[in-house]
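Report on the structure given below.
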Number of protein chains: 2
Amino acid sequence: MVNKKCIIRLLRYKNALHRLNSLGFVRVFSDNLADAVGVTASQVRKDFSLFGICGNKRGGYQIETLLEKLNHILGKNEQQKVVIVGGGNIGAALMKYKGFEKEGVKIAACFDIDPAKYNHREGDIPVLPLEQLKDFVRQHHIRIGVIAVPDIAAQQVLDFMLAAGIKGILNFAPIRLRAASDCVINNVNLVLELETVIYFIINGTESSINNRHIG
Amino acid sequence: MVNKKCIIRLLRYKNALHRLNSLGFVRVFSDNLADAVGVTASQVRKDFSLFGICGNKRGGYQIETLLEKLNHILGKNEQQKVVIVGGGNIGAALMKYKGFEKEGVKIAACFDIDPAKYNHREGDIPVLPLEQLKDFVRQHHIRIGVIAVPDIAAQQVLDFMLAAGIKGILNFAPIRLRAASDCVINNVNLVLELETVIYFIINGTESSINNRHIG
DNA sequence: GATTTATTGTTCAAAAAATCACAATAACTA
DNA sequence: TAGTTATTGTGATTTTTTGAACAATAAATC
């Protein structure tokens, strides 16, 4: 019942609420959130209902309390620390990207096997030898990791990360990973996402797709 | 019926077939593809059926002809050219990433408003002033573009891209874009993808989620 | 060449997800 | 304060997606 799509919607509600909040709004209706996120108002209410979130009949939802509840559900009350394995193109871009910090996600360190990438300048996110992953993860109580290595190395890196105690994976390598121990894997395949757009452009014109968000 | 999830599956079948092909395999069964992609064999056969792809009873599918058919459906027979708008972290990483070229997707150019980013070294992907987008798109018959600018600029950039003739968008900015003209928009929100993993790690432990691919 | 076996293609059933619809009711209005 | 109105929360319904099952049948075997 609580699947990825549902959580993604909650996260989007949270983002929309954050914007409304900083614009000075105090309350919000399911309609408003539906518009902001691109779903129906029923969907919004049902999602809330599923997590026991109540509003006021005719009064809508108090933004502040709604945000608190969503933040609690989504684990956004404390900063979450993650590690990246792979300091190449994608890993480097993620380290520089400001979007994570803004949402309370702290990239604690990056790990690589290439000594040329190692770096421990004050202020920068440290890039460390992969051997140090296990100790680092233990020491900082980290459960989430990003795989940003070439596909050929990804499975091996996953095994290593799981052995180090990582439980949740965001995987950018374009292969299906096999996991022995219990964990959660979320795959992001950038090429696939672009190829999907290409398909709908090539094949979608005759069926007059107008202005469709496909994901 | 032919939705994003279905196309993503087809693209994954294609990738799996490519690997099998380069390993010297000649034919494949729905079971094999199901394993490789993480779906049921029924799903594989149903997907193929939907696109009129037939195999041989008891003989499975001829990899070569299957690949040809999938490539045709997915528009992979000719190289697809795309542009990136935004030469920041994400844009730069995408330009350096080898995965696109490997799959027949050519990043033709990148556009930015910051002159410090402009670059036309031989061999590199050119980074050009945004004003040149329209002419470039016309000249190279480009229909697909990537938005890799800060969220604050994304809507304006989208409007500009649509005006330039772009029809398909891969959007990395974490906001919901509004489009006047007909187009296809695929959103990739990296922070959201990571936050999703965080949710399942925080809330998933008690429900004994074992080794789940959530996307 | 007959028999067995494994795999497809498709129909039917099940499960999941989204949407509709409306009673309940709190907030407004006069 | 009584009446009106807008919005929630949820049960019912529809739509979409997935999975199971099995007849049809081509390949393999003997």
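Just so we're on the same page: letters track the sequence lines, and every chain starts at 1. Both backbone and side-chain heavy atoms feed into the values below; hydrogens, waters and symmetry mates do not.
Atom CD of B:Gln62 is separated from atom P of C:dT8 by 13 Å (rounded to the nearest Å). Taking atom CZ of residue A:Arg9 and atom C1' of nucleotide C:dA18, one finds them 8 Å apart after rounding to whole Å. The CG atom of B:Leu50 sits 16 Å away from the P atom of D:dG19 (whole-angstrom rounding). Rounded to an integer number of Å, the gap from CG of B:Leu66 to P of C:dT7 is 16 Å. One interatomic measurement links the two molecules: CG of A:Asp47 to C1' of C:dA17, which rounds to 11 Å at whole-angstrom precision. Atom NZ of B:Lys57 is separated from atom C1' of D:dC22 by 10 Å (rounded to the nearest Å). What separates CZ of A:Arg27 from P of D:dT7 is a distance of 8 Å, to the nearest Å.
If you check D:dT8, D:dT18, C:dT19 against the side chain of B:Lys46, the one that comes closest is D:dT18. For A:Phe29, taking side-chain heavy atoms from C-beta onward, the closest of the listed nucleotides D:dA24, D:dG19, D:dT7 is D:dT7.
Along DNA chain D, the nucleotide nearest A:Ile53 and the nucleotide nearest B:Gln43 are compared for position; the residue whose nucleotide lies closer to the 5' end is A:Ile53. DNA chain C is contacted by both A:Asn56 and A:Val39; A:Val39 maps to the nucleotide lying nearer its 5′ end (nearest heavy atom per residue). Where B:Arg58 and B:Arg45 each meet DNA chain D at their nearest nucleotide, the meeting point lying more 5' is that of B:Arg45.
A side-chain donor from one of A:Gln155 and A:Asp159 sits under 3.5 Å from a side-chain acceptor of the other. Counted by atom type alone, A:Asn186 and A:Lys4 present one or more donor-acceptor pairs between their side chains at under 3.5 Å.
For B:Thr40, no side-chain nitrogen or oxygen approaches OP1 or OP2 of D:dT18 to under 4.0 Å. OP1 or OP2 of C:dT10 has at least one side-chain nitrogen or oxygen of B:Ser49 nearer than 4.0 Å. Side-chain nitrogen and oxygen atoms of B:Tyr61 include at least one within less than 4.0 Å of the OP1 or OP2 phosphate oxygen of C:dG9. Phosphate proximity of C:dT8 to B:Ser30: present, with a side-chain N or O under 4.0 Å from OP1 or OP2. Dashed line: the shortest gap from a side-chain N or O of A:Ser42 to OP1 or OP2 of C:dA18 is not under 4.0 Å. Look at B:Lys5 and you'll find a side-chain N or O under 4.0 angstrom from OP1 or OP2 of D:dT18. Side-chain N/O atoms of A:Asn3 include one lying less than 4.0 angstrom from OP1 or OP2 on C:dA17.
Across all their heavy atoms, B:Ile107 and B:Leu94 have their closest contact at CD1-O, 3.4 Å.
Annotation: cation-pi pair A:Arg27/A:Tyr61 absent, no NZ/CZ under 6.0 Å from the ring centroid and within 45° of its normal.
Close placement of the B:Phe100 and B:Tyr97 rings is indicated, their centers lying within 6.0 Å of each other.
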